[in-house]
Protein chains: 2
Amino acid sequence: MILLNEKKYSFSTEIFFEIFDDRLKLMIIWYLSNGTMRFKDLSKYLYPITNKTLSFKLKQLEELHLIERKVFAEVPPKVEYTLSSHGELLKPVINEIIAWSQYYAKTFGTMVVEE
Amino acid sequence: MILLNEKKYSFSTEIFFEIFDDRLKLMIIWYLSNGTMRFKDLSKYLYPITNKTLSFKLKQLEELHLIERKVFAEVPPKVEYTLSSHGELLKPVINEIIAWSQYYAKTFGTMVVEE
DNA sequence: AATATAAGTATATTTTAGTATACTAATATC
DNA sequence: GATATTAGTATACTAAAATATACTTATATT
């Protein structure tokens, strides 16, 4: 259970760190910022990640109102994940992260295959 | 040892996640973005953190050229940590993080004491 | 002479995040 | 009738990260 509301933060960014305490959640947001994805797509892109871990992270992001989960009554199961409006507002953050990463890669020679 | 140069990244933000694989390093950058700090200051602000952990994180950030370490020949020891020019360029990222965190706190009622 | 100080290091221990592996449900396909 | 499919769950295990605790060094203070 995530209980952000019971905590007090000494500075604004702490909320961000509380939410993105691991890179996986932010990476999921990054992937979903390119459009809707199914569980298996995310699993593939985030490899190696176990179903358990991915499932848990998605649940957390949903609790935090950052993504939305849409279940289709099909067999085999189909579940789609999409950024919520609050999640969409993370795009400027992601864009700055991309800009800085590209600068860093250019400066220190780390290869970047694609954006 | 951090060997970013030996890795290839499938998208730009991966470098960022590789560097900020834990919240501590980004929090250190956040604190230093307000100015120079000594080891003990950081230790106080990042409480609870052990000397060992803080020392290790600072070493990593220095290896990544994001901070600079200045040793004074004094007793008791005095060491000052400052953002490097590359670290300074993370400020736009931090600013977007602050903006989003404030929006999120306002929307979901999480308290933020100060910026 | 004992104690405090800052910036760590050393060692052992604990926590916790993630992994590996196997399993399920309901239908479609070979 | 056996097998594949997706989106998970369940259980047990492992490895990495952080903690707790004690120690160091050289000077200044009580």
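The figures that follow rest on heavy atoms only: side chains count, while hydrogens, waters and symmetry mates do not. Here is how names work: the chains are called A, B, and so on, in the same order as the sequence lines, proteins then strands, and each is numbered from 1.
If you check residues 40-58 of chain A against DNA chain C, the residues with a heavy atom closer than 4.0 Å are A:P48, A:I49, A:T50, A:K52, A:T53, A:K57, listed by number.
For D:dA7, the OP1/OP2 oxygens have a side-chain nitrogen or oxygen of A:R38 closer than 4.0 Å.
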Pull out every protein N or O sitting under 3.5 Å from an N or O of nucleotides 28-30 of chain D, one pair per line with the distance.
none

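Judged as a side chain to side chain donor-acceptor pair (under 3.5 Å), and not counting sequence neighbours, the contacts of B:T82 are B:T36. With sequence neighbours excluded, the residues forming a side chain to side chain donor-acceptor pair (under 3.5 Å) with B:K91 are B:E88, listed by chain and number.
In this structure, the side chain of B:S84 engages the main chain of B:H65 through a donor-acceptor pair within 3.5 Å.
Both B:L83 and B:V71 are assigned to one and the same hydrophobic cluster, defined by single-linkage of ILVMFWY side chains at heavy-atom distances under 4.5 Å.
Heavy-atom contacts of chain A under 4.0 Å fall on DNA chain C between two terminal nucleotides, which in 5' to 3' order are C:dG18 to C:dT27.
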Under 3.5 Å, which donor-acceptor pairs link side chains of residues 43-52 of chain A to any protein atom two or more places apart or in another chain?
| residue | atom | partner | partner atom | Å |
| --- | --- | --- | --- | --- |
| A:T50 | OG1 | A:T53 | N | 3.3 |
| A:T50 | OG1 | A:T53 | OG1 | 3.0 |

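No option in B:R69, B:E68, B:R38 other than B:R69 meets the side chain to side chain donor-acceptor pair (under 3.5 Å) test with B:Y81.
Both A:R23 and A:P76 lie near DNA chain C, and the one whose nearest nucleotide falls closer to the 5' end is A:R23.
Below 30°, between 30° and 60°, or above 60°: for B:F108 and A:H86 the angle between ring planes is above 60°, a perpendicular geometry.
Within 4.0 Å of B:F72, counting heavy atoms only, lies no atom of the nucleic acid at all.
Here D:dT6 presents its P atom at 14 Å from CD of A:E80, a figure rounded to the nearest Å.
For the pair B:E18 and A:R23, the salt-bridge criterion is met [side-chain N within less than 4.0 Å of a carboxylate O].
When every heavy atom of A:F39 is checked against every heavy atom of A:L54, the shortest pair comes out as O-CD2, 3.6 Å.
Under a cut-off of 6.0 angstrom, the local environment of NZ in A:K40 is sparse, with at most 12 non-hydrogen atoms contributed by other residues, nucleotides or ligands.
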